[in-house]
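Right, one structure below, let's go through it.
Both backbone and side-chain heavy atoms feed into the values below; hydrogens, waters and symmetry mates do not. Sequence positions, counted from 1, serve as the residue numbers for this chain.
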Amino acid sequence: MELDFERCYRAVDSRDQRFDGWFYTGVLTTGIYCRPSCPAMTPKRKNVRFFPSAAAAQRTGLRACRRCRPDAAPGSPDWNVRADVVGRAMRLIGDGVVDREGVPGLAARLGYTERHLHRMLVTEVGAGPLALARAQRAQTARILVETTDLGLAEIAFAAGFGSVRQFNDTIREVYAAAPSELRTAARGRSTEPAAGTPGAINLRLAFRAPLHAEALLDFLALRAIPGIEEVGDGSYRRGLRLPHGPAEVDLTPLPGYVGATLRLTDVRDLAPAVARCRRLFDLDADPEAVDALLSEDPALADLVAKEPGVRVPRAVDGFEMAVRAIIGQQVSVAGARTVLARLVAATAVPAPSEPAGTSPPMSPPPESGSESGEPAGLRPFPSPEEVLALPDSAFGMPTARRESIRGLAEAVATGHLDLDPGADRAEMVHRMTALPGIGAWTAGYVAMRGIGDPDVFLPTDLGVRRGAAALGLPDTPSTLDAYAGRWRPWRSYAVIRLWRAE
């Protein structure tokens, strides 16, 4: 990916936070790389190089700035927008696929050879899949070192390193400090005890301002499924299904960041848990770019000015979002929520101390001083296999809709339908609409919220049409769909605006 030197340098000179995560500034004389908004003195032009990713900067031997923490910057919004192979690969790497399945697994998911995938990633982001995964492992390790009491050897394997020596060497290379030194420095900076409950990992999730937190929480509260999620006191809390076991997360929007409290069955799930939380709250979006385009339409300009930074509430589980969409066909939000609650209640739940189908926790129980522990309370949404095992009486819906959900669950369970963040969006829609009882609205809703397509429009949606009518826009599906072309490539955000205007 080509970076315009002059544009990047102006962003660095003005310390423009909007560009954090878009690119990284390498300072050759100091051997460090920074965010564009780093408060340090602006380096001379001749001493600067710009990189499209932290991994690319690390490949040249630069270490992360301790002052601006470039590895904690919001992710590039490019990976939310792009539907090509590189965009899909970046989303899957962020979800920890390379750590779990290796580069061969990542390449197989994308349908390319390892060599060709490596070549595409190096061309676009300056680093191959292993280097990108290594940079993410280093960030995960730093978080665990600075925010937990886990032993350093345990952190090494939890973060995905193959050995303690590899862990130590990488941390020294990336942060110019040993892991023990990072921990000592973090404790020296702390002026108060960490918030949250014992056994929890507490993080700050960065985002690009503005963030309209009220719109996010209102949307999620209206659709919260009892036993799975809840909203209250300015926070959103829910259960997660992660690769190594269930988890529970509490997200609280605060000035400048979203506070996240994670309770994990296995600390190896930290990176995918963070990736899914960021995706759920759409934290890697570029709200200024979205709002700038939508505000060009006089019909939306006042809404954008009144509520800047409205995001698209996305999903932590594509299958869950697909089931929600099928149940929500031609019923009210409240009605769908009631049916979903019954479905969840009918699902067999394993005892908290023995999570079914998961690896045993790597770390000792909380009372032994570990920051990891079995999550309790809210549970994950049922898996496709659990849904398939339910009797007819558990669904509480017409036969045709029940069979649509079963067909969906079977397609996901067998791998015929991919609803992961790295799914091919066009292929997903094609395969979903080929299933019995699933039409364009359902597939579009899943594309928008389940796999994060920013440019989906739902012209037949009743709420969208009502919102359009309230704003004086065309409200018939065909005319509204044609009108919405001016909102590309941010039509998903326009849908949320119309729903709020209803």
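Applying the side-chain contact (heavy atoms from CB on, under 4.5 Å) test between Val312 and each of Ile496, Leu216, Val290 identifies Ile496 as the sole match. None of Ser37, Cys65, Cys38 except one satisfies the side-chain contact (heavy atoms from CB on, under 4.5 Å) rule with Pro70; the exception is Cys65. Applying the side-chain hydrogen bond (donor to acceptor under 3.5 Å, both in side chains) test between Thr261 and each of Thr252, Asn202, Asp250 identifies Asn202 as the sole match.
The shortest side-chain heavy-atom distance between Arg324 and Arg223 falls under the 4.5 Å cut-off. For the pair Arg35 and Arg67, the minimum side-chain heavy-atom distance is 4.5 Å or more. By the 4.5 Å heavy-atom criterion applied to side chains, Tyr24 and Phe50 are not counted as neighbours. Inter-residue side-chain proximity for Arg237 and Val249 is flagged as unmet; no heavy-atom pair is nearer than 4.5 Å. Between Pro287 and Pro210 the shortest side-chain heavy-atom distance falls below 4.5 Å. Side-chain contact between Glu101 and Arg109 is present, with at least one heavy-atom pair separated by less than 4.5 Å. The closest side-chain heavy-atom distance from Trp22 to Pro36 is not below 4.5 Å. Phe19 has its side chain out of reach of Asp286: every pair of non-hydrogen atoms, C-beta onward, lies at least 4.5 Å apart.
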Problem - side chain to side chain contact (heavy atoms under 4.5 Å, CB included) between Met428 and Asp418, intermediate numbers included - result: CA-CA 7 Å; Met428 185 281 295; Asp418 183 5; over 6 Å; no

Practice task
Apply side chain to side chain contact (heavy atoms under 4.5 Å, CB included) to the pair Ile201 and Leu144, showing each step before the final yes or no.
Solution key: CA-CA 8 Å; Ile201 297 175; Leu144 292 172; 3.7 Å; yes

Exercise for the section: Before giving the answer on salt bridge (Lys or Arg N to Asp or Glu O under 4.0 Å), spell out for Glu229 and Arg379 the whole-Å C-alpha distance, their side-chain angles and the decisive distance to 0.1 Å. Expected result: CA-CA 8 Å; Glu229 53 190 340; Arg379 59 184 183 273; over 6 Å; no

Exercise for the section: Go through Asp99 and Arg137 one step at a time and tell me if the salt bridge (Lys or Arg N to Asp or Glu O under 4.0 Å) criterion holds. Expected result: CA-CA 9 Å; Asp99 290 333; Arg137 284 195 292 271; 2.6 Å; yes

Problem - Glu288 vs Arg208, salt bridge (Lys or Arg N to Asp or Glu O under 4.0 Å): CA-CA, chis, key distance, verdict - result: CA-CA 9 Å; Glu288 292 204 2; Arg208 292 176 187 83; over 6 Å; no

Handout entry: Worked check of side chain to side chain contact (heavy atoms under 4.5 Å, CB included) between Leu110 and Leu92
Key = CA-CA 10 Å; Leu110 297 169; Leu92 288 171; 3.9 Å; yes

Exercise for the section: Please assess Asp149 against Arg187 for the test salt bridge (Lys or Arg N to Asp or Glu O under 4.0 Å), listing each intermediate value before the final yes or no. Expected result: CA-CA 11 Å; Asp149 289 326; Arg187 290 176 176 172; 2.7 Å; yes

Problem - side chain to side chain contact (heavy atoms under 4.5 Å, CB included) evaluation trace for Leu498 with Val495 - result: CA-CA 5 Å; Leu498 295 176; Val495 168; 5.7 Å; no

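A side-chain donor-acceptor contact under 3.5 Å links Ser492 to the backbone of Asp453. Using modelled atom types, one side-chain atom of Arg314 and one backbone atom of Met448 make a donor-acceptor pair closer than 3.5 Å. With hydrogens and angles ignored, the 3.5 Å screen pairs a side-chain donor or acceptor of Arg88 with a backbone N or O of Gly422. No donor-acceptor pair closer than 3.5 Å links the side chain of Thr170 to the backbone N or O of Phe167. For Asp84 (side chain) and Gly87 (main-chain N/O), a donor-acceptor pair under 3.5 Å exists by modelled atom type. Side chain of Arg183 to backbone of Thr148: a donor-acceptor contact under 3.5 angstrom is found. For Glu386 (side chain) and Ser383 (main-chain N/O), a donor-acceptor pair under 3.5 Å exists by modelled atom type. In this structure, Arg238 contributes its side chain and Gly227 its backbone to no donor-acceptor pair below 3.5 Å. With hydrogens and angles disregarded, no donor-acceptor distance shorter than 3.5 Å links the side chain of Glu230 to the backbone of Ala224. Asp284 places a side-chain N or O within donor-acceptor distance of the main-chain N or O of Gly75, the cut-off being under 3.5 Å.
For CD of Gln17, the number of neighbouring non-hydrogen atoms (other residues, nucleotides, ligands) closer than 6.0 Å is 12 at most.
Between Phe157 and Arg268 the shortest heavy-atom distance is O-CG, 3.9 Å. Of all heavy-atom pairs between Ala325 and Thr442, the closest is CB-CG2, 3.7 Å. Heavy-atom minimum distance, Gly309 versus Asp291: N-OD2, 2.9 Å. Contact between Arg337 and Ile225 at its shortest, heavy atoms only, is NE-N, 4.5 Å. Nearest heavy-atom pair, Ala247 versus Leu264, reported as atom, atom and distance to 0.1 Å: CB-CD2, 3.7 Å. Between Val98 and Leu130, the shortest heavy-atom contact is CG1-CD2, 4.4 Å.
For Phe395, there are no ring-ring contact (aromatic ring centres under 6.0 Å, His included) partners at least two apart in sequence or on another chain. Partners of Phe51 by ring-ring contact (aromatic ring centres under 6.0 Å, His included), not counting sequence neighbours: none found.
Atom SG of Cys34 sits about 12.5 Å away from atom CZ of Arg69, to the nearest 0.5 Å. Rounded to the nearest 0.5 angstrom, Ser235 OG and Leu251 CG are separated by 8.0 Å. To the nearest 0.5 Å, the span separating CD1 on Ile171 from CG on Leu152 amounts to 9.5 Å. Here CG of Leu182 is found 12.0 Å from CD1 of Ile143. Values are rounded to the nearest 0.5 Å. A distance of 6.0 Å separates CG of Leu203 from CG of Leu205, quoted to the nearest 0.5 Å. We find the OG1-CZ distance between Thr265 and Arg241 to be 11.0 Å, quoted to the nearest 0.5 Å.
Under the 6.0 Å distance and 45° angle rule, Arg311 does not count as a cation-pi partner of Phe281.
For the residue pair Tyr175 / Glu181, no side-chain donor-acceptor distance below 3.5 Å is found, with atom types taken as modelled. With hydrogens and angles left out, the side-chain atoms of Arg449 and Tyr445 include a donor and acceptor closer than 3.5 Å. For the 3.5 Å distance criterion, the side chains of Trp499 and Asp461 qualify, holding a donor opposite an acceptor. Side chains of Asp455 and Tyr493: a donor-acceptor N/O pair is absent below 3.5 angstrom, by distance only.
Taking a cutoff of 4.0 Å between a charged side-chain nitrogen and a carboxylate oxygen, Asp95 and Arg276 qualify as a salt bridge. Glu173 and Arg134 are joined by a salt bridge, as a carboxylate oxygen and a charged side-chain nitrogen come within less than 4.0 angstrom of each other.
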